[in-house]
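These notes concern the structure reproduced below.
Note: hydrogens, waters and symmetry copies are ignored here, and every other heavy atom, side chains too, is used. What you see is a predicted model, and the numbers here were worked out from it, not measured in a lab. In the text below, chain A, chain B and the rest are named by the order of the sequence lines, each starting its count at 1.
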Number of protein chains: 2
Amino acid sequence: MNVNPGLPPTNGDDATRLTGTSFAVLTLIELLGPSTPYDLKQALERSIANFWMVPHTTFYAEPTRLVKGSFLSEQQEAGGRRRKVYSLTDAGRDALDRWRSSPELTPPQLREEGVLKIFAGGDPIPIFRERCDWHRAKLAELEGYLEAVSGDDPAWNGVRSSLQVGVAYNRMMLEAMERFLESQAASGTP
Amino acid sequence: MNVNPGLPPTNGDDATRLTGTSFAVLTLIELLGPSTPYDLKQALERSIANFWMVPHTTFYAEPTRLVKGSFLSEQQEAGGRRRKVYSLTDAGRDALDRWRSSPELTPPQLREEGVLKIFAGGDPIPIFRERCDWHRAKLAELEGYLEAVSGDDPAWNGVRSSLQVGVAYNRMMLEAMERFLESQAASGTP
DNA sequence: CGGCTATAGTACGACCCGTACTATACAGAT
DNA sequence: ATCTGTATAGTACGGGTCGTACTATAGCCG
């Protein structure tokens, strides 16, 4: 049971090993151009984190690993904070291309405490009500992002598509739970 | 960004700390009675792993932690392999009750490499096709489990409900993606 | 320029994870 | 009886991940 799926189920190779998090970093640098870790963190939290969550400490560490595998190159800012700026190398671009155009996918993974509680015998009604609120908020958030990228630069096509997927997903979840709650309310007061 | 949500976002307390995985173990022991780690692993893989994945090595370790926190007690089998058998303590049962009846939930978390690839500019069509196959298989699997627990022992109500949620979820995902693929096929050959 | 808040990180230890390996049970073949 | 293959039932280990807590600079408002 692989909980932390990367690309190959670890080819044992070591510094060459690329996880989903690696590709998240590579993709963002391709989109944004040379970036500092903080640029990446900001962008991540408004986009990828919605379907591929990464804690910020892991995220700050990832570029360092990718430099070691020479998928990224690193420059130092001249003045100010002298922050590190990362760019894609050819190897990085290649790896990204190969991954992106391969049809292989690791299984989707859900961690849903609500269903866990229902399994354990918890009352579904308050659980679904909580979740409805959450999905409503998420839906509003994603619709906001979607408006923010509403140009037609083809480089952002994927970004727009994934946001549309997210909107559709949350709307579906929300409607399904609302239907359930209504049906319960109806059968509760006959 | 909390990727590994437990109950409280870690109260710092230490051995008393209970994660979602802890409650998975406690719930299964409540359902099955005193159990060996392997019993638990088997049951987990057919149920909870669908919405709360845990690798088997973590899972084998968890009962040990729970004994340390005195949520479980441990006996040794008399003969044969002298395997360890775990039972709920009163503290364990209390913790489980409190968690199960509290309405608080950590946010749901999805790790979906398909959307990550779409974000990165991958072609959605083969990705959704892959995913359709996956959801179809999962649906069949869950329907099998559902038949297997089709008695009416009230202790298994939560188990049945969570399976129904899983079936509904996978059916929804499958139908949404099939609709998308059909609409693409239609617009592709006008 | 002094304090406040937001921004931009680092430190660290506990825990998690995947790979690889070990070891026992049991069935059927010899 | 024992061999040998397969399913069952785990353990060992080291690198990676996680959350908490802390530090430090930037910009703003008075």
Side-chain angles (χ1 to χ4, degrees), chain A residues 1-25 35-46 49 52-66 68-69 74 76-77 79-86 106-107 109 111, chain B residues 1-22 24-25 35-46 49 52-69 74 76-77 79-86 106-107 109 111:
Chain A
M1 197 174 319
N2 192 331
V3 174
N4 187 18
L7 213 213
T10 311
N11 56 19
D13 220 324
D14 221 35
T16 329
R17 187 161 127 267
L18 296 173
T19 65
T21 302
S22 313
F23 290 112
V25 170
S35 309
T36 69
Y38 192 72
D39 294 337
L40 297 173
K41 176 178 171 271
Q42 292 304 318
L44 181 95
E45 285 174 355
R46 282 166 179 68
W52 195 277
M53 197 167 271
V54 184
H56 77 277
T57 48
T58 299
F59 200 73
Y60 273 114
E62 189 65 20
T64 307
R65 278 190 59 235
L66 291 172
K68 248 185 263 173
E74 176 183 318
Q76 194 91 213
E77 273 184 347
R81 294 198 193 189
R82 309 185 51 70
R83 295 180 301 177
K84 286 168 182 170
V85 179
Y86 294 94
T106 53
Q109 287 174 15
R111 281 202 148 182
Chain B
M1 196 174 322
N2 192 329
V3 174
N4 186 18
L7 214 215
T10 313
N11 55 22
D13 219 324
D14 223 33
T16 328
R17 189 159 125 267
L18 296 174
T19 65
T21 302
S22 313
V25 171
S35 310
T36 69
Y38 192 72
D39 294 338
L40 297 173
K41 175 179 171 273
Q42 292 304 318
L44 181 93
E45 286 174 355
R46 283 167 178 66
W52 194 277
M53 197 167 273
V54 183
H56 78 276
T57 48
T58 299
F59 200 72
Y60 273 113
E62 188 65 19
T64 308
R65 279 191 60 233
L66 291 172
V67 168
K68 248 185 264 174
E74 176 182 319
Q76 193 92 213
E77 272 185 348
R81 294 197 194 189
R82 309 186 50 69
R83 294 179 303 176
K84 286 169 183 170
V85 179
Y86 294 93
T106 53
Q109 287 175 14
R111 281 201 150 183

Next on the checklist: Could you measure the distance from the CD atom of A:Glu74 to the NZ atom of A:Lys84? Nearest 0.5 Å is fine.
Outcome noted: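 Answer rounded to 0.5 Å: 5.0 Å.
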Item to check | From CZ (A:Phe23) to CG (A:Leu18), nearest 0.5 Å | outcome: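 Here the rounded value is 4.5 Å.
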Mind calculating the distance between [atom1] ([X]) and [atom2] ([N]) to the nearest angstrom?
{"X": "B:Trp52", "N": "C:dC16", "atom1": "CH2", "atom2": "C1'", "result": "14 Å"}
{"X": "B:Glu45", "N": "D:dT8", "atom1": "CD", "atom2": "P", "result": "11 Å"}
{"X": "A:Lys41", "N": "C:dT7", "atom1": "NZ", "atom2": "C1'", "result": "8 Å"}
{"X": "B:Met53", "N": "C:dC16", "atom1": "CE", "atom2": "C1'", "result": "15 Å"}
{"X": "B:Leu44", "N": "D:dT8", "atom1": "CG", "atom2": "P", "result": "16 Å"}
{"X": "B:Phe59", "N": "C:dC15", "atom1": "CZ", "atom2": "P", "result": "17 Å"}
{"X": "A:Gln42", "N": "C:dG9", "atom1": "CD", "atom2": "P", "result": "10 Å"}
{"X": "A:Tyr60", "N": "C:dT7", "atom1": "OH", "atom2": "P", "result": "11 Å"}

Next on the checklist: Quick check: on DNA chain D, is the nucleotide nearest A:Glu62 upstream (toward 5') of the one nearest B:Pro37, or the reverse? Name the residue that is more 5'.
Outcome noted: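 Whichever sits nearer the 5' end wins; that is B:Pro37.
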Consider the side chain of [X], meaning its heavy atoms from C-beta on, and name the nucleotide among [options] that approaches it most closely.
{"X": "B:Thr36", "options": "C:dC16, C:dG9, D:dG10", "value": "D:dG10"}
{"X": "B:His56", "options": "C:dA20, C:dA11, C:dC15", "value": "C:dA20"}
{"X": "B:Thr57", "options": "D:dT17, D:dA12, C:dA11", "value": "D:dA12"}
{"X": "B:Pro55", "options": "C:dC17, D:dG16, D:dT11", "value": "C:dC17"}

Checklist entry - Which residues satisfy the side-chain hydrogen bond (donor to acceptor under 3.5 Å, both in side chains) test with B:Ser22, sequence neighbours excluded? => result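 Only B:Thr19, B:Glu62 meet the side-chain hydrogen bond (donor to acceptor under 3.5 Å, both in side chains) criterion with B:Ser22.
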Item to check | 4.5 Å side-chain heavy-atom contact, B:Leu44 and B:Trp52 | outcome: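 In short, these two side chains do not touch, never coming nearer than 4.5 Å.
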Checklist entry - Taking only side-chain nitrogens and oxygens of B:Thr58, does any of them come within less than 4.0 Å of OP1 or OP2 of C:dC17? => result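 Yes, B:Thr58 has a side-chain N/O under 4.0 Å of OP1/OP2 on C:dC17.
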